Amino acid sequence: MSGKSPSHAFPGAPRGEEGDPLSLPAPAGRGATLIPDTVVARITARAAREALSRQRGGAPARPGLGTPRSTATVHNGAARLGVSLGLPYPIDIAGACGEIRSYIADRVGYLTGMRIDDISVSVRRLVPNVSPRRERVR
């Protein structure tokens, strides 16, 4: 075998004068993928919905909880996230927020490749667990 790279080493890669593939620049010189704050915020809101669904054992969203709202600030490959959501009542609020925070950090970090520096979870409202059959005792 010759010391030259085969012509099929990089499909679609630029070719030199003799048809040999040109070497690629170092990874740091190729550029970076930038994810806008709005995209990270959408991913965060989705992760919050997933976390709420996991707490309910995969059950569909309860009426009245609303959709989680989120914000994100991205700087130098790290993100600071904020989530505002409704929770069912009764619930251990501190425990639920801790689980949601942990799930969001794992999920957003995995999907974006960013370091998550801070996550703020605020509860907009508590929605009582009221079933249609439940009536007032007279």
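What you are looking at is a predicted structure, and each value in this text was computed from that prediction instead of being measured. Atoms considered below: every heavy atom in the structure, side chains included; atoms not considered: hydrogens, waters and symmetry mates.
Val108 is not listed as a side-chain neighbour of Ile119, based on a closest heavy-atom distance of 4.5 Å or more. Residues Thr73 and Val40 have side chains not in contact (no heavy-atom distance under 4.5 Å, counting atoms from C-beta outward).
Annotation: salt bridge (charged side-chain N to carboxylate O under 4.0 Å, His left out) contacts involving residues 73-97, sequence neighbours excluded, comprise Arg80-Asp118. Sorted by first then second residue, the side chain to side chain donor-acceptor pair (under 3.5 Å) pairs that include residues 94-109, not counting sequence neighbours, are Glu50-Tyr103, Glu50-Arg107, Gln55-Glu99. Residue pairs that meet the salt bridge (charged side-chain N to carboxylate O under 4.0 Å, His left out) test with at least one member in residues 67-79, sequence neighbours left out, do not exist here.
Contact record, Leu52 with Ile100: CD2-CD1, 3.8 Å, taken as the closest heavy-atom pair. Considering every non-hydrogen atom in both Ala72 and Leu81, the closest pair reads CB-CD2, 3.7 Å. Across every non-hydrogen atom of Thr67 and Arg49, the tightest pair is CG2-NH1, 3.8 Å. The minimum heavy-atom distance linking Met114 with Ala79 is given by the pair SD-CB, 4.0 Å. Leu65 and Pro88 make their closest contact through CD2-N, 3.6 Å (heavy atoms, listed as atom of the first residue, atom of the second, distance).
A distance-only check finds no donor-acceptor pair linking the side chain of Arg115 to the backbone of Ala78 [under 3.5 Å]. In terms of modelled atom types and a separation under 3.5 Å, the side chain of Ser70 and the main chain of Ala41 share a donor-acceptor contact.
Residue Leu85 holds its CG atom at 6.5 Å from SG of Cys97, rounded to the nearest 0.5 Å. Rounded to the nearest 0.5 angstrom, Ile104 CD1 and Ile43 CD1 are separated by 12.0 Å. To the nearest 0.5 Å, atom CD1 of residue Ile116 and atom OG1 of residue Thr44 are 7.0 Å apart.
Remark: Arg42 CZ is loosely packed, at most 12 non-hydrogen atoms of other residues, nucleotides or ligands lying under 6.0 Å away.
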